[in-house]
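To keep things clear, I will list the structure first and then write my remarks on it.
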Amino acid sequence: MVKKNKSLILSKRTNLEFVNLPDCEQLELAANELDRLVQTRFSGKTEPDQTVKVYFDICENARGFSVKAAEDALIFSAPTALEIIYSVYDFAEEFLGYTFFEPGVDNLDEFGGKVELKTTGWLIRNRVPALEVRGFIQEFPFSEDNYVIGDWMVKNKLNYVETWMKFYDFIDQDLIDFYRVRGITIESGHHNFSYLIPAEKYAASNPEFFAEIGGKRINPSSSKSELLLSEQLCTTNPQLREELVKNIIEYGKQHPEVTNIALIPNDGFGWCECDECSKFYDKNRKGELYSLAEHVYLAGEIYHDLVRYVCRRLREENCPLNVTMCAYINYCYPTKDFYLEKGMTVEMANYWRCINHTINDSACPVNSRYAQDIEAWVKAKRGGKVVIYEYFMGINFYLSLPMIHTEKIFDEVDYYKNTGVDGILTQFHLPHWSVYGINYYTMANAMYGKKRSNVLKKMYKALFNDDAAEGKRFLNKMDKLVHSAGKCHIPYPYSLFNRTELKDYKQMHKLAVKLYEKLPRDDFRRDLVLWTEYMVRFKSFFDDYHAGKAGIKELKAFRKWVEKICSKGNVVVTDRFMSYTDQILDSLAAGKKWIHFGLDWEDAYVLKHSRGILSKDA
């Protein structure tokens with residue numbers, strides 16, 4: 001019988017004894033991690049003379065995971081072994097003083113020796129996810145960094161990675177196993193028409209597989225291209241459809257560990273205009289401003305017809321792969337009589353969304369339209385799933401412009417849960433973690449039903465220690481700077497810099513320096529100084545360029561500075577910044593005005609936004 005009023009004490013004297021531990025990779029990981037975290041928490045411990053028994057109880061009918069302390073015992077219970085791992089990490093965060101904010105770093109509070117746990121009642125009880133699918137979109141090759149990423153994901157209960165097929169080609173078995181043990185599904189796909197039907201294999205032998213534009217078949221780019229814009233397939237061609245089915249089935253056989261595969265058009269537009277394909281659209285029915293599709297006709301019907309056909313054929317061939325499709329630009333919402341059957345997932349891309357409003361704010365002319373599409377997809381579910389494809393790092397080129405989404409994400413998760421959405425994925429990168437890690441950390445916690453106030457309090461404490469209140473004010477001021485741009489804001493440079501003042505960025509830099517001077521050994525505070533200086537320099541170049549005072553010379557100087565700081569902190573994804581500014585240099589050299597990335601149709605939307613929904617007075 002458990003003695004009442006006696007606490008379980010964890011201290012330097014504690015030795016953990018795992019009782020009846022089954023032969024299971026996931027439970028072994030849970031045991032090793034609990035032991036490591038306890039040992040690290042009480043580092044410098046002497047020979048232990050207190051034994052605490054640890055029980056891992058798998059109960060398939062349990063509602064979520066739970067943790068209970070008894071006299072000289074800890075009981076972790078869950079319906080699955082994976083959730084036992086989750087319970088260990090939540091126990092470490094909530095009772096041992098850890099915060100798993102940054103990949104590769106276990107932040108640990110510097111409080112005193114022992115930890116006293118109550119032995120009556122539950123420490124954690126019946127914790128369940130708010131959303132089923134929780135994860136990242138990886139737009140870079142697999143490397144040793146993925147072990148750090150996968151470790152962070154399981155600590156924060158993320159379970160899904162979407163990546164390009166061209167990157168999955170080079171993943172090794174050890175990493176596949178590492179993700180599998182941590183319960184992380186890897187979807188192979190992304191924009192993959194060009195991968196499944198590569199130009200180098202089919203362009204010469206089967207030109208009819210590729211889109212016809214202006215009466216001629218396109219000369220398709222290589223599947224190795226980094227940015228495929230406006231090149232699609234002739235999706236109504238019967239032989240092309242069967243080739244897609246055959247190649248997907250073959251891919252599944254070559255990669256039996258893959259359960260989820262995408263069928264997603266190449267990025268951009270360029271749909272086939274042959275006689276058969278043209279039957280699927282009316283060129284007078286264009287897209288809408290919110291999805292950057294006013295200049296092109298809607299392609300939902302032709303894309304959905306292809307997806308319907310391929311999924312049916314895969315079922316007929318007894319192919320077990322689940323198929324992911326995309327809702328994006330000019331194919332954002334479900335067309336008539338199209339349904340998400342079992343084994344199908346749509347990833348709804350809230351592309352160029354407004355970050356000054358929640359996604360379901362009816363007062364926002366951009367986000368309210370995305371919300372309509374999301375709700376339409378949920379109504380189209382017949383056993384399938386709806387997952388949100390997000391950009392909690394801004395859009396396009398990972399330019400490290402401010403986006404403080406830590407409060408809104410909790411409201412959005414509540415909306416998604418209540419609406420019937422199944423999950424959220426976001427693009428991310430490691431090199432900008434000090435800028436956007438706050439979004440990723442709060443997103444992960446919100447998706448597992450954590451309380452907003454507790455998560456934010458813990459995060460500010462982990463990031464700023466005794467200066468948590470000042471750090472919180474700093475981030476709130478940065479958020480107010482973004483909101484000062486106007487009612488709506490889509491996070492590309494023109495939207496922000498055209499409607500804000502340089503003095504505000506300089507003030508943020510001063511605040512960052514002040515925080516850093518209080519604790520100059522702190523890497524995160526150093527990164528805030530670099531980040532704010534980066535924005536001062538970016539804004540200064542923007543202002544000087546538009547005043548006719550800056551051009552190629554000044555941009556090259558800015559680029560040189562960015563290259564220098566990148567090795568010093570987690571602020572800028574340098575190769576993406578260079579790719580973006582390469583295009584600016586090309587535009588300036590050609591005498592073309594810099595608006596965004598030099599694409600005429602995209603620049604036209606930027607200018608239209610500036611006159612309408614993104615005007616300062618809107």
Side-chain angles (χ1 to χ4, degrees), residues 264-265 267-269 271 281-282 284-304 325-336 338 340 346-381 386-392 394-396 403 405 408-409 411-427 482-483 485-492 494-496 596 601-602 604-615 617-618:
I264 296 178
D267 205 356
F269 311 103
W271 290 84
Y281 29 70
D282 177 352
N284 293 316
R285 290 180 61 230
K286 302 290 183 69
E288 297 180 44
L289 177 62
Y290 77 99
S291 61
L292 305 190
E294 280 189 320
H295 69 296
V296 291
Y297 44 82
L298 296 172
E301 291 182 2
I302 192 168
Y303 176 39
H304 297 163
M325 58 181 293
C326 182
Y328 181 54
I329 48 177
N330 59 334
Y331 43 96
C332 270
Y333 47 83
T335 50
K336 184 179 179 181
F338 182 82
L340 292 168
V346 65
E347 291 176 353
M348 174 69 215
N350 297 328
Y351 190 54
W352 280 35
R353 62 162 291 177
C354 169
I355 67 170
N356 281 1
H357 295 96
T358 57
I359 198 66
N360 60 317
D361 192 330
S362 60
C364 179
V366 177
N367 292 357
S368 60
R369 283 295 291 109
Y370 280 123
Q372 289 178 34
D373 294 344
I374 291 164
E375 291 165 18
W377 280 113
V378 170
K379 290 178 181 178
K381 289 203 301 183
V386 175
V387 173
I388 306 302
Y389 184 118
E390 261 296 357
Y391 304 84
F392 291 138
I395 56 172
N396 293 103
M403 180 178 181
H405 213 69
K408 296 184 186 74
I409 187 61
D411 295 326
E412 292 183 356
V413 167
D414 285 344
Y415 164 70
Y416 290 139
K417 178 182 177 182
N418 295 332
T419 302
V421 168
D422 299 283
I424 304 174
L425 308 175
T426 185
Q427 291 186 1
V482 175
H483 279 76
K487 177 182 176 182
C488 290
H489 166 54
I490 296 167
Y492 51 76
Y494 195 95
S495 172
L496 182 67
H596 189 42
W601 64 269
E602 196 173 48
Y605 283 105
V606 172
L607 294 175
K608 190 164 187 176
H609 286 167
S610 71
R611 295 190 297 267
I613 59 173
L614 298 186
S615 66
D617 299 326

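Everything numeric here is computed off the predicted structure, so don't read it as measured data. The figures that follow rest on heavy atoms only: side chains count, while hydrogens, waters and symmetry mates do not. Positions are given from 1, in the same order as the sequence printed here.
Closest non-hydrogen pair, Ala485 versus Ser495, comes out as CB-O, 4.3 Å.
Side-chain N/O atoms of Tyr605 and His295 include a donor and acceptor closer than 3.5 Å.
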When you look at His357 and Val366, which way does the side chain to side chain contact (heavy atoms under 4.5 Å, CB included) test go after all the steps?
CA-CA 9 Å; His357 295 96; Val366 177; over 6 Å; no
Apply side chain to side chain contact (heavy atoms under 4.5 Å, CB included) to Glu412 and Ile388, showing your working.
CA-CA 11 Å; Glu412 292 183 356; Ile388 306 302; over 6 Å; no
With side chain to side chain contact (heavy atoms under 4.5 Å, CB included) as the test, would you mind laying out the steps for Tyr416 and Val387 before giving the verdict?
CA-CA 9 Å; Tyr416 290 139; Val387 173; over 6 Å; no
Test log, rule side chain to side chain contact (heavy atoms under 4.5 Å, CB included), inputs Cys488 and Asn356
CA-CA 6 Å; Cys488 290; Asn356 281 1; 5.7 Å; no
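Side chain of Lys608 to main chain of Leu289: no donor-acceptor pair is present (N/O by atom type, distance under 3.5 Å, no hydrogens or angles). Looking at Asp361, its side chain never comes within 3.5 Å of a backbone N or O of Asn367 through a donor-acceptor pair. Put simply, the side chain of Tyr370 gets close to the backbone of Tyr351: a donor and an acceptor are under 3.5 Å apart. Judged by distance alone, the side chain of Ser368 and the main-chain N or O of Cys364 form a donor-acceptor pair under 3.5 Å.
Of the inter-residue distances, the one linking Ile613 atom CD1 with Ile490 atom CD1 reads 5.0 Å to the nearest 0.5 angstrom. The structure places CG of Leu292 at 8.5 Å from CD1 of Ile329, a figure rounded to the nearest 0.5 Å. Put simply, OH on Tyr328 and CG on Asn330 are 10.0 Å apart, with the number rounded to the nearest 0.5 Å. In this structure, CD1 in Ile395 is found 5.5 Å from NE2 in His596, a value given to the nearest 0.5 Å. Of the inter-residue distances, the one linking Thr419 atom OG1 with Glu375 atom CD reads 5.5 Å to the nearest 0.5 angstrom. Considering OG1 of Thr358 and NE2 of His405, their distance stands at 8.0 Å, rounded to 0.5 Å.
Residues Tyr331 and Tyr333 keep their aromatic ring centres 6.0 Å or farther apart.
For the side chain to side chain contact (heavy atoms under 4.5 Å, CB included) test with Glu390, the passing option among Met348, Arg353, Glu347 is Arg353; the others fail.
Ring planes of Tyr492 and Trp352: tilted class, angle from 30 to 60°.
Residues Phe338 and Met325 form a side-chain contact, since some pair of their non-hydrogen atoms from C-beta on lies under 4.5 Å apart. Taking the side chain as every heavy atom from C-beta outward, Ile374 and Asn350 approach each other to under 4.5 Å. No side-chain heavy atom of Cys326 sits less than 4.5 Å from a side-chain heavy atom of Tyr389.
With sequence neighbours excluded, no residue satisfies salt bridge (Lys or Arg N to Asp or Glu O under 4.0 Å) with Lys408. Remark: Asp282 pairs with no residue by the salt bridge (Lys or Arg N to Asp or Glu O under 4.0 Å) rule, at least two apart or across chains.
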